[in-house]
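Heads up: the structure comes next, in structure tokens.
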Amino acid sequence: MTLDTHFFEEMESRIPKGKIRTRFAPSPTGYMHVGNLRTALYTWLIARHSGGTFILRIEDTDQGRLVEGATDVIYRTMAECGLTHDEGPDVGGPVGPYIQSERRDLYGKYAHLLVEKGAAYYCFCEKTESEEDSGNFDRDADPCRSLSPAEIQANLDAGRPYVIRQRIPQTGSTTFHDVSFGEITVENKTLDDQVLLKRDGLPTYNFANVVDDHLMGITHVVRGSEYLSSAPKYNLLYEAFGWEIPTYVHCSPVMRDQHNKMSKRHGDPSYEDLIAQGYLTSAVLNYVALLGWSPKGERSEQEIFSLEELVDAFEIAGISKSPAIFDIAKLDYFNATYLRALSPEDFSKVAEPYIRQTVKNPAIDVAAVAALLQARCEKLTEIPEKVDFFDQIPDYDAAFFTNKKSKTNPEVSREMLEAAIPALESLQNWTQEAVHSCLIALAESLGVKNATLMWPVRIAAAGKLVTPGGAVELCWILGQEETLRRLRAGLEKLRA
């Protein structure tokens, strides 16, 4: 087979030089799990920290695993997280296309180039597709490895289906360097002659990655540590082509405990799940950044990072080779910190959909309710249950009126409500300040501590032992008419 050397020269001439170039190359096979998000974030941060180029590439050569709509999930997640790409399927660039299935014709040419260089061979053996992709392959037993040129040509002329396999040296060793794991050497005899090009003409994941990374000028390859075992074969491919080997950054897995990796099958959350569970994107990103990376120098004790601060602080030397355990309680802490740091206006905006799940009454001021919640919730999904009483007071027990700390019991609470109802009825202007002044003055005139009056008023107004905000805030938000109706109902409960 005659190869067009001009084609390969043209492809080489397109490769950008002189800057760090990284890529996030997800497969559209479903949700964006936490490990995927971390890879995307680290890859983006390496590029942004150095003023380099960040590329989005869609790896869809494994057609059997594709999930409809998964590519949209990738775009949406990247956009929500602020991980903007400089080149990709939707924005173009100098080394496109950026979808692997659209690059199909490339891989065959490079596979055949490897055959010509002696670094790959045609395999005509009858093997199943799954066997082609597995590592369970004994190259010594494969007669195709030693076919003569005439035998190969005869098989090709006869139209026999084939795969192209990498020809791994049978002796010696291969050494590669990883940022986190250092130098690793493996004996070549332990490596299998992996399939590069399948019968259908599509490349395997491992081959397409190497070809695309080179042709796109990728300088730093970030991926999971499960690919460490494939790195020697990648090196041999780069060397066979005569290409420069990129910097490898293998990230250890994200674990749900000491022994188990995070897995959707075991109910572990994806990025979308976490957002649906009430976590802010900024908090998730901050926490994920610290799953396997730690800042150095003056920032070594810092935990809370904006995306801009992460760009400034991120260095690949801070990536750990130790597995990171995903601690949901720690994420709760991060999320609570981010919620409290929002401006009142921004918190009200993100809280409103959750407030309106249970507070349907348009007369209730969402901003006023949000002000009560900002310092009192760790996740947005906690909000509906905390504020449901604004629409409808629950059927509560009269025992709620008894509180030792506030020095209340049914008799004391009854006296407090009997005094509070006419006092609140007399208010001409129903403002938070007016309600506060009224109740504080009433407690003083009754000769009781503020809590002794406020407890039964709050219980009657909300029907809950725990509420966001105290009696004054709740009465003000409920309005004079509804507050008095609830206090009278509470008084009847105590008199029953």
Report the residue from [options] that forms a ring-ring contact (aromatic ring centres under 6.0 Å, His included) with [X].
X: Phe314; options: Phe305, Tyr42, Trp44; answer: Tyr42
X: Tyr110; options: Tyr238, Phe8, Phe207; answer: Phe8
X: Tyr227; options: Phe176, Tyr248, Tyr205, Tyr234; answer: Tyr205

Testing the basics here: between [X] and [Y], what is the closest heavy-atom pair and its distance to 0.1 Å?
X: Ala276; Y: Thr381; value: O-CG2, 3.4 Å
X: Cys125; Y: Cys144; value: SG-SG, 3.5 Å
X: Val34; Y: Pro269; value: CG2-O, 3.6 Å
X: Ile168; Y: Arg145; value: O-NH2, 2.8 Å
X: Ala351; Y: Leu380; value: CA-CD2, 4.4 Å
X: Val249; Y: Val179; value: CG2-CG2, 3.9 Å

Quick one, [X] and [Y] - any side-chain contact, counting heavy atoms below 4.5 Å?
X: Asp86; Y: Arg48; value: yes
X: Leu106; Y: Pro203; value: no
X: Pro323; Y: Val254; value: no
X: Pro16; Y: Thr53; value: no
X: Val369; Y: Ser348; value: no
X: Phe124; Y: Leu147; value: yes
X: Ser225; Y: Phe181; value: yes
X: Val221; Y: Thr247; value: no

Short question: side chain of [X], backbone of [Y] - any donor-acceptor pair under 3.5 Å?
X: Thr39; Y: Gly35; answer: yes
X: Gln302; Y: Ile304; answer: yes
X: Arg14; Y: Gly96; answer: yes
X: Ser27; Y: Thr29; answer: no
X: Arg21; Y: Phe54; answer: no
X: Lys360; Y: Gln357; answer: yes
X: Trp293; Y: Glu315; answer: yes
X: Glu272; Y: Thr77; answer: no
X: His49; Y: Leu45; answer: no
X: Arg165; Y: Tyr122; answer: no

message: The test is side-chain hydrogen bond (donor to acceptor under 3.5 Å, both in side chains); show your working for Asn188 and Thr174 and say whether it passes.
response: CA-CA 6 Å; Asn188 289 332; Thr174 298; 2.6 Å; yes
Output the distance between atom [atom1] ([X]) and atom [atom2] ([Y]), rounded to the nearest 0.5 Å.
X: Ser343; Y: Asp346; atom1: OG; atom2: CG; result: 3.0 Å
X: Leu291; Y: Ile325; atom1: CG; atom2: CD1; result: 10.0 Å
X: Leu274; Y: Ile328; atom1: CG; atom2: CD1; result: 6.0 Å
X: Ser282; Y: Asn335; atom1: OG; atom2: CG; result: 7.5 Å
X: Ile152; Y: Arg160; atom1: CD1; atom2: CZ; result: 12.0 Å
X: Asp365; Y: Phe390; atom1: CG; atom2: CZ; result: 10.0 Å

Between [Y] and [X], do the side chains contain a donor N or O and an acceptor N or O under 3.5 Å apart?
X: Glu80; Y: Tyr271; answer: yes
X: Ser101; Y: Asp60; answer: yes
X: Asn260; Y: Asp257; answer: yes
X: Ser270; Y: Asp273; answer: yes
X: Ser148; Y: Glu151; answer: yes

field: Within 6.0 Å of CD in Gln277, more than 12 heavy atoms from elsewhere
entry: yes
- request: Give the ring-plane orientation class for Tyr31 versus His33, where under 30° counts as parallel, over 60° as perpendicular and anything between as tilted.
  value: perpendicular
- request: Can you label the angle between the Tyr287 ring and the Phe326 ring as parallel, tilted or perpendicular, going by 30° and 60°?
  value: perpendicular
Answer yes when [X] and [Y] have at least one side-chain N-carboxylate O distance shorter than 4.0 Å, and no when they do not.
X: Glu382; Y: Arg376; value: no
X: Arg57; Y: Asp213; value: yes
X: Asp312; Y: Arg299; value: yes
X: Lys321; Y: Asp178; value: no
X: Glu87; Y: Arg23; value: no
X: Asp388; Y: Lys464; value: yes
X: Glu303; Y: Lys330; value: yes

message: Could you go through Asp157 and Gln153, starting from their C-alpha distance and side-chain angles, then the distance that decides it, and tell me whether this counts as side-chain hydrogen bond (donor to acceptor under 3.5 Å, both in side chains)?
response: CA-CA 6 Å; Asp157 291 343; Gln153 192 59 51; 2.9 Å; yes
message: Looking at Phe7, I'd like to know if the NZ or CZ of Lys109 sits under 6.0 Å from its six-membered ring centre while staying within 45 degrees of the ring's axis.
response: yes
Verdict with reasoning, Asn155 to Tyr162, per side-chain hydrogen bond (donor to acceptor under 3.5 Å, both in side chains): CA-CA 9 Å; Asn155 283 326; Tyr162 63 85; over 6 Å; no
query: Do you know which of Thr204, Asp212, Leu202, Ile164 makes side-chain contact (heavy atoms from CB on, under 4.5 Å) with Tyr107?
result: Asp212
- request: Starting from the C-alpha separation in whole Å, work towards a yes-or-no answer on side-chain hydrogen bond (donor to acceptor under 3.5 Å, both in side chains) for His214 and Glu12.
  value: CA-CA 9 Å; His214 173 71; Glu12 290 294 314; 2.7 Å; yes
- request: Decide salt bridge (Lys or Arg N to Asp or Glu O under 4.0 Å) for Lys233 and Asp193; before the verdict, give the C-alpha distance in whole Å, the side-chain angles of both, and the deciding distance to 0.1 Å.
  value: CA-CA 9 Å; Lys233 292 182 281 189; Asp193 283 5; over 6 Å; no
